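Heads up: the structure comes next, in structure tokens.
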Amino acid sequence: MKPQCGSWRRCAVNKITNRQVICDTLLEAAEKDRDIVVVCSDSRGSASLAAFAEKYPEQFVEMGIAEQNLVTVSAGLASCGKKVFAASPACFLSTRSYEQAKVDVAYSKTNVTLIGISGGVSYGALGMTHHSCQDIAAFAALPDMRVYLPSDRFQTARLMEALLQDSLPAYVRVSRSATEDVYGEDMDFTLNQANVLMEGEDILLVACGEMVPAAYRAGKMLQEKGFSTGLLDMYCVKPIDEETLLAAARKAKVVVTVEEHSPYGGLGSITAQVISAHCPGKVVNLALPDGHLVGGTNTEIFAHYGLDAEGIARACQEALKR
């Protein structure tokens, strides 16, 4: 459902999800480009793509609960010249259809954007069967597969507009709920380039996706306490923006990564790998634990594991002391 203020771009406070912005962007583009096709796995409602299916039924394919077929059919359509956006819950897209993503999309370099909806712990109390805490590691390991985690509605729109203009494989993970605004409609956006939200010489926060607003609030808390704090929005986890990362890391005493993911193979691992190769320094990874997570809403889970603003700020101060 769209916000009552008339346009998501004009809302003073964010009321819609990044998945809704994806639908709105595709709706606008499909009006002029009939080669845009959306494919879903019984997820048009949860992906907020029902409006697209209603307006462009001939450009919409419903596969049912068959994620492997979702990806293979998407690759086939792309091979016929279509620009395909395949949406499914991230937990299933990154596991059930991994071989198809590897062979039919990445290896074949088809023009398919895989959209993992309700990523991380968005499904909350449904537990580990519906959590996607390994998807960054899985997709980042595929050659020629890019991995993006946009933070807010404005960045999501800019990312989708950029992906509509290219023809390379990509995985985009978005949350289920609306996130706080980080940017405005006039934000600067360059594909595969991190955004510098703060600059500092004590702590460098590096975050992606839904963790960016929390990291931003944590950065402000730390600045108020007298800590010189920087923050990079690393929405482009792969390819990671090494130049921006290293320039900021060389100034900081400690680098703290923040991600809604397993501690293995995600943003923290990639960041540490880059820094250790070029400017060795202390890197602390704040992530979900390697184990079965507690139940609850995503907000409750973040607070429990110290991934809310207060927990991030506390962990940064502890990292500086060590």
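Note that the structure is predicted; figures quoted are calculated from it, not measured.
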Interatomic spacing from OH in Tyr107 to CG in Asp144 - rounded to 0.5 Å: 11.0 Å
Tell me whether Ile270 is reachable from Tyr264 by hopping between hydrophobic residues (I, L, V, M, F, W, Y) whose side-chain heavy atoms are closer than 4.5 Å. no
Test side-chain contact (heavy atoms from CB on, under 4.5 Å) applied to Leu77 and Val39, Thr110, Asp35, the passing residue: Val39
Measure the shortest side-chain to side-chain distance between Glu210 and Phe302 over non-hydrogen atoms and say whether it is less than 4.5 angstrom. yes
Using the side chain to side chain donor-acceptor pair (under 3.5 Å) rule, take Tyr148 and Asn192 through it: C-alpha gap first, then chi angles, then the decisive distance, then the call. CA-CA 9 Å; Tyr148 301 110; Asn192 301 331; 2.6 Å; yes
How far apart are the C-alpha atoms of Leu114 and Met145, what are their side-chain angles, what is the distance that settles it, and do they pass the side-chain contact (heavy atoms from CB on, under 4.5 Å) test? CA-CA 10 Å; Leu114 301 171; Met145 179 68 74; 4.0 Å; yes
Using a strict cut-off of less than 4.0 Å between a Lys/Arg side-chain nitrogen and an Asp/Glu carboxylate oxygen, indicate whether Asp166 and Arg146 qualify as a salt bridge. yes
If you apply the rule side chain to side chain donor-acceptor pair (under 3.5 Å), what do you find for Ser48 with Arg19, and how did you get there? CA-CA 6 Å; Ser48 297; Arg19 54 197 167 105; 3.3 Å; yes
When you look at Arg158 and Glu161, which way does the salt bridge (Lys or Arg N to Asp or Glu O under 4.0 Å) test go after all the steps? CA-CA 5 Å; Arg158 298 293 88 77; Glu161 290 165 359; 3.0 Å; yes
Tyr171 and Asp135: CA distance, side-chain angles, deciding distance, side chain to side chain donor-acceptor pair (under 3.5 Å) verdict: CA-CA 9 Å; Tyr171 172 67; Asp135 54 334; 2.6 Å; yes
Please determine whether a side-chain nitrogen of the Lys or Arg among Arg217 and Glu310 lies less than 4.0 Å from a carboxylate oxygen of the Asp or Glu. no
I'd like to know whether the aromatic ring centres of Tyr56 and Phe60 sit less than 6.0 Å apart in this structure. no
Side chains of Val254 and Cys316 in contact at under 4.5 Å (non-hydrogen atoms): no
Lys/Arg N to Asp/Glu carboxylate O, Arg44 vs Glu62, below 4.0 Å: yes
Do Leu293 and Val258 share a hydrophobic cluster (ILVMFWY, side-chain heavy atoms under 4.5 Å, transitive)? yes
Are the side chain of Thr244 and the backbone of Asp241 linked by a donor-acceptor contact shorter than 3.5 Å? no
Taking atom OG of Ser122 and atom CZ of Arg173, what is their separation to the nearest 0.5 Å? 7.5 Å
So if I apply the side-chain contact (heavy atoms from CB on, under 4.5 Å) rule between Leu149 and each of Val237, Asn18, Leu267, Leu159, which one comes out positive? Val237
Under a 3.5 Å distance rule, please check whether Thr25 uses its side chain to pair with a backbone N or O of Cys23 as donor and acceptor. no
Can a donor-acceptor pair be found between the side chains of Thr179 and Asp152 at a distance below 3.5 Å? no
If every non-hydrogen atom of Cys208 is compared with every non-hydrogen atom of Met234, which pair is closest and at what distance? CB-O, 3.3 Å
With a 6.0 Å cut-off on ring centres, are Phe154 and Tyr183 close enough? no
Supply the atom-to-atom distance Thr72 OG1 to Asp104 CG, rounded to the nearest 0.5 angstrom. 4.0 Å
Do the side-chain N and O atoms of Arg34 and Gln59 include a donor-acceptor pair separated by under 3.5 angstrom? yes
Measuring centre to centre across the rings, with the benzene-like ring taken for any Trp, is Tyr98 within less than 6.0 Å of Phe92? no
Check whether any side-chain heavy atom of Tyr123 lies under 4.5 Å from a side-chain heavy atom of Pro89, and answer yes or no. yes
Tell me, with the steps shown, if Tyr235 and Phe189 meet ring pair (Phe, Tyr, Trp, His ring centres under 6.0 Å). CA-CA 11 Å; Tyr235 82 92; Phe189 179 88; 5.3 Å; yes
Any carboxylate oxygen within less than 4.0 angstrom of a Lys/Arg side-chain nitrogen, looking at Glu99 and Lys102? no
Donor-acceptor check, side chain of Lys238 to backbone of Val147, threshold 3.5 angstrom: yes or no? no
Quick one: do Glu199 and Lys251 make a salt bridge, cutoff under 4.0 Å? yes
Test side-chain contact (heavy atoms from CB on, under 4.5 Å) applied to Glu201 and Thr229, step by step: CA-CA 6 Å; Glu201 298 181 354; Thr229 306; over 6 Å; no
